[in-house]
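Below is one structure, written out as structure tokens; the observations come after it.
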Number of protein chains: 2
Amino acid sequence: MENSRGSEAAPDQSCRTDPSCYCQLGGVLELLSRKHAIQVICLVGEIGPVRYGEIETAFGEVSSSTLSTRLEELVEAGYLAREQYDEIPPRVEYDLTMTGEQLQQRLQPLLEWAVIHEEFEESAA
Amino acid sequence: MENSRGSEAAPDQSCRTDPSCYCQLGGVLELLSRKHAIQVICLVGEIGPVRYGEIETAFGEVSSSTLSTRLEELVEAGYLAREQYDEIPPRVEYDLTMTGEQLQQRLQPLLEWAVIHEEFEESAA
DNA sequence: GTTTATACTTCGAAGTCCGAAGTATTGGAG
DNA sequence: CTCCAATACTTCGGACTTCGAAGTATAAAC
């Protein structure tokens, strides 16, 4: 109890100013720190409504089980919308929700930087 | 194949315009999609040189094994610098490298949004 | 009747994470 | 002299996550 930053009972209101609060973040971050989650959000954001197969192809190397788990979670969390058409062969389309778009906007700069950064690293190697 | 840059059949030059390229991103993203990685970067960015114990405390609930693995990886990847002082009891400080700062700048908006978003979700529940 | 297309499941093996306990060091208390 | 505190980690068995090859369901096309 030496400083006013330390959180005891209610760190909620200091959250926006207390950086250590970031460490406590569950929800979105927990989801984003699972495999492919960030990339999926950005892919869907870029190429609009996408079919499952297109996502799988874009990744090249994904395990379909992991990918479908990830999609399910993102739908469940409200970042993706899943539209199913009753046709044969089946068709399913994924798109960002409004919340998903907000997320994607924050993710975009990161991925753009990552692309450049990766290119740089490779050329330096 | 008029693409002279690709080492294989890689779509390197279209990378910045081809969104599916995001899916192929390894490196940084693979690292960031491990537990606590994003939060660690931002914490260190916010509260400057930090000691191991401070990070651990800020998280509250982390397994020390996972945290130290993460720190090691981030140092190894060049986002964090680790300074060790030969004192008793031992003292180690972590800080962002220049690259780490670039990364943190891209991460910051995401975390800020996550905090707000989380608060909103909680109040809606 | 077999093939084709799609969006997933299933399941055992491999990899990652957890958390309680331990390691090494030495100045200070008893 | 012995014990404890302080710090930054390891260690290890068990739990959780991801992998990837194979399978499921459907009906139109060949």
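The sequence lines fix the lettering, A, B, ..., with proteins before strands; numbering per chain opens at 1.
Checked against dC18(C), dC11(C), dA8(D), the side chain of S65(A) finds its nearest nucleotide in dC11(C). Relative to the side chain of S68(B), the nucleotides dC8(C), dT7(D), dT10(D) differ in distance, and dT10(D) lies closest. With distances taken from any side-chain atom of S63(B) to the nucleotides dC18(C), dA5(C), dC19(D), the minimum falls on dC18(C).
Within a 6.0 Å sphere centred on CD of E112(A), other residues, nucleotides and ligands contribute more than 12 heavy atoms. For E101(A), the CD atom sits in a packed shell: over 12 heavy atoms of surrounding residues, nucleotides or ligands are nearer than 6.0 Å.
The residue Y85(B) sits apart from the nucleic acid: no heavy atom pair falls under 4.0 Å. Residue contacts shown for T69(A) are absent, as no nucleic acid heavy atom lies under 4.0 Å away.
R34(B) has no side-chain polar atom (N or O) that falls below the 4.0 Å cut-off from OP1 or OP2 of dT18(D). Taking 4.0 angstrom as the limit, H36(B) places a side-chain polar atom (N or O) nearer than this to OP1 or OP2 of dC18(C). Phosphate proximity of dC8(C) to Y94(A): present, with a side-chain N or O under 4.0 Å from OP1 or OP2. For dT6(C), neither phosphate oxygen OP1 nor OP2 lies less than 4.0 angstrom from any side-chain nitrogen or oxygen of R51(A). Distances shorter than 4.0 Å separate some side-chain N or O of K35(A) from OP1 or OP2 on dC19(D).
For the pair L31(B) CG and dC17(C) P, the computed distance is 10 Å after rounding to whole Å. If you take CG of L80(A) and C1' of dA7(C), they are 16 Å apart, rounded to a whole angstrom. Put simply, CD on E54(A) is 10 Å from P on dT6(C), counting in whole angstrom units. If you take CZ of F59(A) and C1' of dG20(D), they are 16 Å apart, rounded to a whole angstrom. Taking atom CG of D86(A) as the reference point, atom P of dC8(C) lies 12 Å away to the nearest angstrom. For the pair E30(B) CD and dT17(D) C1', the computed distance is 14 Å after rounding to whole Å. The distance from atom CG of L67(B) to atom P of dT7(D) is 16 Å, rounded to the nearest whole Å. Atoms OH (Y52(A)) and P (dA25(D)) sit 18 Å apart, rounded to a whole Å.
Residues T99(A) and H117(B) have side chains in contact (heavy-atom distance under 4.5 Å, counting atoms from C-beta outward). In this structure the side chain of I55(A) never reaches within 4.5 angstrom of the side chain of V62(A), judged on heavy atoms.
For the residue pair Q108(B)/Q104(B), the side-chain donor-acceptor check at 3.5 Å is satisfied.
Taking 3.5 Å as the limit, the base of dG20(D) and the side chain of T66(A) contain no donor-acceptor pair of atoms between them.
Mapping R70(A) and E72(B) onto DNA chain D via the closest heavy atom, the residue that lands nearer the 5' end is E72(B). The residue among V92(B) and E73(A) whose nearest nucleotide of DNA chain D lies closer to the 5′ end is V92(B). Mapping I88(A) and S64(A) onto DNA chain C via the closest heavy atom, the residue that lands nearer the 5' end is I88(A).
In this structure a side-chain-to-backbone donor-acceptor pair under 3.5 Å is present from T97(B) to Y79(B).
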